[in-house]
Asks: 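Pasting in a structure now, in structure tokens, and then I'll have a few things to ask.
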Amino acid sequence: MAGILNGKVALVTGAASGIGRASAQALAKEGARVVVSDIAVEGGEETVRLIAAAGGEARFIRADVSAAADIQAAVACAVDHFGGLHIAHNNAGMLATKSLLSADAEALFDKILAVNTKSVMLSMKYQIPQMLKHGGGAIINTASSLAIVGAAGQWAYSASKHAVLGLTKSVAVEYASRGIRVNALCPGAVRTPMTVRHQEKQSPDDPETATRYPIGRVAQPEEMAAAVVWLASDAASYVIGTSLVVDGGWTII
């Protein structure tokens, strides 16, 4: 498929559904060959089938982003099967049930930080050396609108996503002069299987939606994917270490 990312190789984590699937599809539509990574095998393989049906090229690998060996294997998959790595969307993550600090706070915090934050560090650790071999690349780390503000009961999730921004900015500074652009995507409420399971109000017909989100609705995964494609493309060639907030105006009210 010809497009603005023709000839590029991309790796998307958490690509079995939601934002990750939409991102993988959008990157493939623009010509990238995509490694689809997730712990959900059936969903990941379905993402590959959808890409292939649209004329794109993709390959699935099961990977747990909290395990360094799995991340290393996903990067190796891109190199072995597609010849390198130019784009990475480090999207895999998990939500946490709203709760106050409690007796089990430490266990929850460790789990959330491992999946949402440590995984981003590990991903970049293995992605960057491969990108340097090709003169650079683009990394997009999925953070959250809760990386910009806090929210009651979301202390662990918000902390993990604030940390993603710190990682993004610091690594961006370290590698900008070597041709690697690192940026963060900060989605607001997005209609995905994960958020539907964890958020009480997802319907665009909910009378509170218009007051909670100035745009009057929650986002579709494809709207996040469009931002990922832009950040991955040469159109964003001067964008370094930014936190691109795509939240329908939620953080401005």
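All values below come from the heavy atoms of this structure, side chains included, with hydrogens, waters and symmetry mates left out.
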Asks: Dump the intermediate steps for side-chain contact (heavy atoms from CB on, under 4.5 Å) on Val12 and Val36, then the final yes or no.
Replies: CA-CA 5 Å; Val12 182; Val36 171; 5.9 Å; no
Asks: Using modelled atom types and a 3.5 Å cut-off, is there a donor and acceptor pairing between side-chain atoms of Asn141 and backbone atoms of Ala184?
Replies: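 No: the side chain of Asn141 does not pair with the backbone of Ala184.
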Asks: Looking only at non-hydrogen atoms, find the nearest pair between Met131 and Gly137 and report the distance.
Replies: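 Heavy atoms only, the tightest pair is SD-CA, 4.0 Å.
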Asks: Quick check against the 3.5 Å criterion: does Thr13 have a side-chain atom that pairs as donor or acceptor with the backbone of Ala92?
Replies: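 Yes, Thr13 side chain to Ala92 backbone: donor-acceptor pair under 3.5 Å.
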Asks: Look at the aromatic rings of Trp250 and Tyr213 and report parallel, tilted or perpendicular, splitting at 30° and 60°.
Replies: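 Geometry flag for Tyr213 against Trp250: tilted rings.
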Asks: For the hydrophobic clusters of this structure (ILVMFWY residues joined by side-chain heavy atoms under 4.5 Å, transitively), does one cluster hold both Tyr126 and Leu132?
Replies: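 Yes, because Tyr126 and Leu132 connect within a single hydrophobic cluster, where side-chain heavy atoms sit under 4.5 Å apart.
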Asks: Find the distance between CG (Leu113) and OG (Ser66) and round it off to the nearest 0.5 Å.
Replies: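 Spacing of CG (Leu113) from OG (Ser66) equals 12.0 Å.
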Asks: Any link between Leu108 and Met94 through a network of hydrophobic side chains (Ile, Leu, Val, Met, Phe, Trp, Tyr) touching at under 4.5 Å?
Replies: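 As far as the 4.5 Å side-chain criterion goes, Met94 and Leu108 are connected within one cluster.
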Asks: Can you measure from OG (Ser123) to CG (Leu11) and round to the nearest 0.5 angstrom?
Replies: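 Output value for this atom pair is 7.5 Å.
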Asks: Taking Thr117 for the side chain and Ser160 for the main chain, is one N or O donor matched with an acceptor at less than 3.5 Å?
Replies: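 Side chain of Thr117 to backbone of Ser160: a pair is present.
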Asks: Under 3.5 Å, is there a donor-acceptor pair between the side chain of Glu30 and the main chain of Ile4?
Replies: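 Indeed, once roles are kept as given, a pair shorter than 3.5 Å links the two residues.
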Asks: Output, in order, the C-alpha distance, side-chain angles, deciding distance and verdict of side-chain contact (heavy atoms from CB on, under 4.5 Å) for Lys161 and Leu146.
Replies: CA-CA 7 Å; Lys161 293 301 188 176; Leu146 288 182; 5.5 Å; no
Asks: To the nearest 0.5 Å, how far apart are CG in Asp38 and CZ in Arg62?
Replies: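 Going from CG on Asp38 over to CZ on Arg62, the span is 9.0 Å.
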Asks: Using the side-chain contact (heavy atoms from CB on, under 4.5 Å) rule, take Phe82 and Glu57 through it: C-alpha gap first, then chi angles, then the decisive distance, then the call.
Replies: CA-CA 10 Å; Phe82 296 136; Glu57 189 174 356; 3.5 Å; yes
Asks: In Å, rounded to the nearest 0.5 Å, how long is the span from CE of Met121 to OG of Ser119?
Replies: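 These two atoms lie 9.0 Å from each other.
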Asks: Minimum heavy-atom separation for Gly14 and Asn91, please, with both atom names.
Replies: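 Looks like O-ND2, 3.2 Å.
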Asks: What's the shortest heavy-atom distance between Ala143 and Val164, and which atoms?
Replies: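 What the structure gives for the nearest pair is CB-CG1, 4.1 Å.
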Asks: Quick check on Arg49: does its CZ atom have over 12 non-hydrogen neighbours (other residues, nucleotides or ligands) under 6.0 Å away?
Replies: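 Buried by this count: over 12 neighbours within 6.0 Å.
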Asks: Ile140 and Val239: same hydrophobic cluster, using ILVMFWY side-chain contacts below 4.5 Å?
Replies: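 Yes, it is one cluster - the side chains of Ile140 and Val239 are joined through contacts under 4.5 Å.
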Asks: If only atom types and distance count, is the side chain of Thr47 paired as donor or acceptor with the main-chain N or O of Ala15 below 3.5 Å?
Replies: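 Answer holds: yes.
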Asks: Distance check, rounded to the nearest 0.5 Å: Leu185 atom CG versus Asn90 atom CG?
Replies: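 Here the interatomic distance stands at 12.0 Å.
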Asks: Using every non-hydrogen atom in the two residues, find where Asn183 and Thr168 come nearest and quote the distance to one decimal.
Replies: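 It is C-CG2, 3.5 Å.
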Asks: What verdict does the side-chain contact (heavy atoms from CB on, under 4.5 Å) test give for His81 and Arg33, after you've listed the backbone C-alpha separation in whole Å, the side-chain angles of each residue and the deciding distance to 0.1 Å?
Replies: CA-CA 10 Å; His81 293 282; Arg33 290 171 292 170; over 6 Å; no
Asks: Same hydrophobic cluster for Val79 and Ile71, using side-chain heavy-atom links shorter than 4.5 Å among ILVMFWY?
Replies: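 No, no single cluster joins them.
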Asks: When you compare the side chain of Ile19 with that of His89, does any pair of heavy atoms fall below 4.5 Å?
Replies: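 Result yes, sub-4.5 Å side-chain heavy-atom pair found.
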Asks: Is a donor on one side and an acceptor on the other found under 3.5 Å between the side chain of Arg181 and the backbone of Ala236?
Replies: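 Indeed, once roles are kept as given, a pair shorter than 3.5 Å links the two residues.
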Asks: Write down the atom of Val35, the atom of Ala74, and the distance for their closest heavy-atom approach.
Replies: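 Heavy atoms of Val35 and Ala74 come nearest at CG1-O, 4.1 Å.
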Asks: Return yes when atom CG of Leu50 has more than 12 non-hydrogen atoms of other residues, nucleotides or ligands closer than 6.0 Å, and no otherwise.
Replies: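 Yes.
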Asks: From Arg191 CZ over to Glu223 CD, what is the distance, rounded to the nearest 0.5 angstrom?
Replies: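 Reported value, rounded in 0.5 Å steps: 11.0 Å.
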Asks: Honestly curious: do Leu165 and Val149 fall in one hydrophobic cluster under the side-chain, below-4.5 Å linking rule?
Replies: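 Per the 4.5 Å side-chain linkage, Leu165 and Val149 are co-clustered.
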Asks: A side-chain contact here means heavy atoms from C-beta on lying under 4.5 Å apart; do Ser37 and Ile61 qualify?
Replies: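 Heavy-atom side-chain distance check passes, below 4.5 Å.
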Asks: So do Glu46 and Ser17 actually touch side chain to side chain, heavy atoms under 4.5 Å?
Replies: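 Heavy-atom side-chain distance check fails, nothing below 4.5 Å.
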Asks: Are Ser145 and Asp247 close enough that a side-chain donor and a side-chain acceptor fall under 3.5 Å?
Replies: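 Side-chain D/A pair, Ser145 to Asp247: absent.
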Asks: Could you work out, with ring pair (Phe, Tyr, Trp, His ring centres under 6.0 Å) as the rule, every residue matching His134, not counting sequence neighbours?
Replies: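 Per chain and number, His134 pairs via ring pair (Phe, Tyr, Trp, His ring centres under 6.0 Å) with His86.
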Asks: For Ser23 and Val228, which heavy atoms make the closest approach, and how far apart are they?
Replies: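 Taking every non-hydrogen atom into account, OG-CG1, 3.4 Å.
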